[in-house]
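As structure tokens, the structure follows; a few thoughts come after it.
In what follows, chains are A, B, ... by sequence order, proteins preceding strands, each numbered from 1.
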Protein chains: 2
Amino acid sequence: MGNESSYKDKKVITIGIVRELTGLSERQIRYYEERKLIFPERTAGGSRKYSFADVELLVEIANKIEDGVQTHEIRKEMLKAQKKQNQEEIRRKMIQGQLNAQFGIRKGPASH
Amino acid sequence: MGNESSYKDKKVITIGIVRELTGLSERQIRYYEERKLIFPERTAGGSRKYSFADVELLVEIANKIEDGVQTHEIRKEMLKAQKKQNQEEIRRKMIQGQLNAQFGIRKGPASH
DNA sequence: CGTGTAAGGAATTCTGACACG
DNA sequence: CGTGTAAGGAATTCTGACACG
């Protein structure tokens with residue numbers, strides 16, 4: 001469970017590299033954080049660390065802004081999408097819980 | 001063809017983060033490069049950039065050194081493994097070439 | 001051989017602010 | 001609102017060298 005591809009979500013990329021990867025300015029990247037659209041981690045010294053997923057998200061954000069969408073709107077969209085995702089996960093887990101209650105806990109497909 | 005997971009091989013991690021991820025010292029990381037065991041790219045300013053694959057390789061290298069294997073030996077092992085891989089790829093491609101010559105160029109499984 | 005360290009300099013990143021609009 | 005920029009400082013990284021063994 002929680003099967004992310006491991007590399008994609010690890011926060012290991014500094015802002016300079018993100019700038020290279022996205023073509024955005026550091027100012028833009030920091031501003032989107034200020035507007036709560038992106039959430040880098042920090043090194044001990046205080047430098048920002050981003051994931052590949054963050055890099056892709058940044059590009060999407062920048063595209064929307066270019067289309068005239070305001071950061072506030074983008075944030076609302078993201079929260080909505082996030083909420084929908086959470087709902088789905090809860091639903092999945094409840095169904096799984098029902099199955100477990102009915103047929104007992106199993107890992108993987110039933111052995112034949 | 002060339003189906004790498006994209007994130008794993010992209011050189012985007014600076015040496016400080018690699019130090020955090022591996023537990024190795026920067027001195028060690030740079031030394032393994034000097035011994036031709038690892039090949040980071042560079043930013044415009046000259047800072048080293050590593051991939052996740054590099055990070056994993058560094059850990060393997062450090063383990064072997066701890067076991068008393070010298071960098072020179074490790075390098076020979078790596079070259080041998082590399083050569084074997086190349087052989088396999090050539091073989092694969094030749095077989096594919098034969099198949100294409102016999103049955104024409106196809107992409108993916110035959111349509112049913 | 002493999003690694004630690006001090007040295008000096010350059011590249012990188014940080015924050016808060018002013019500017020434009 | 002979103003972004004550029006100059007400012008000053010701190011964290012990061014670089015190289016070449018000396019040390020130990």
Look at the side-chain N and O atoms of [X] and state whether any lies under 4.0 Å from the OP1 or OP2 oxygen of [N].
| X | N | value |
| --- | --- | --- |
| A:Ser25 | D:dG4 | yes |
| B:Tyr32 | C:dT3 | yes |
| A:Thr14 | C:dT13 | yes |

When the nearest nucleotide of DNA chain C is assigned to B:Tyr31 and to A:Ile17 on a heavy-atom basis, which residue is associated with the more 5' position?
B:Tyr31

Separation of atom [atom1] in [X] from atom [atom2] in [N], rounded to whole Å:
| X | N | atom1 | atom2 | answer |
| --- | --- | --- | --- | --- |
| B:Arg75 | C:dG2 | CZ | P | 13 Å |
| B:Leu24 | C:dG4 | CG | C1' | 14 Å |
| A:Ile74 | D:dG2 | CD1 | C1' | 11 Å |

Indicate, with a heavy-atom threshold strictly under 4.0 Å, whether A:Arg30 touches base, sugar-phosphate, or nothing.
base

So if I take residues 41-71 of chain A and measure heavy-atom distances to DNA chain C, which residues fall below 4.0 Å?
A:Arg42, A:Gly46, A:Ser47, A:Arg48

Side-chain-base donor-acceptor pair under 3.5 Å for A:Arg27 and D:dT5:
yes

Is a salt bridge present between A:Arg92 and A:Glu88, judged by a nitrogen-to-oxygen distance below 4.0 Å?
no

Flag the pair B:Glu33 and B:Arg48 as a salt bridge only when some basic side-chain nitrogen lies within less than 4.0 angstrom of an acidic carboxylate oxygen.
yes

What side-chain donor-acceptor pairs closer than 3.5 Å can you find for residues 72-81 of chain B, not counting sequence neighbours?
| from | atom 1 | to | atom 2 | distance (Å) |
| --- | --- | --- | --- | --- |
| B:Arg75 | NH1 | B:Lys36 | O | 3.3 |
| B:Glu77 | OE1 | B:Lys64 | NZ | 2.9 |

Sort by first number and list every stem of DNA chain C: at least 3 consecutive Watson-Crick or G-U wobble pairs, both distances under 3.5 Å.
C:2-5 with D:17-20, C:17-20 with D:2-5

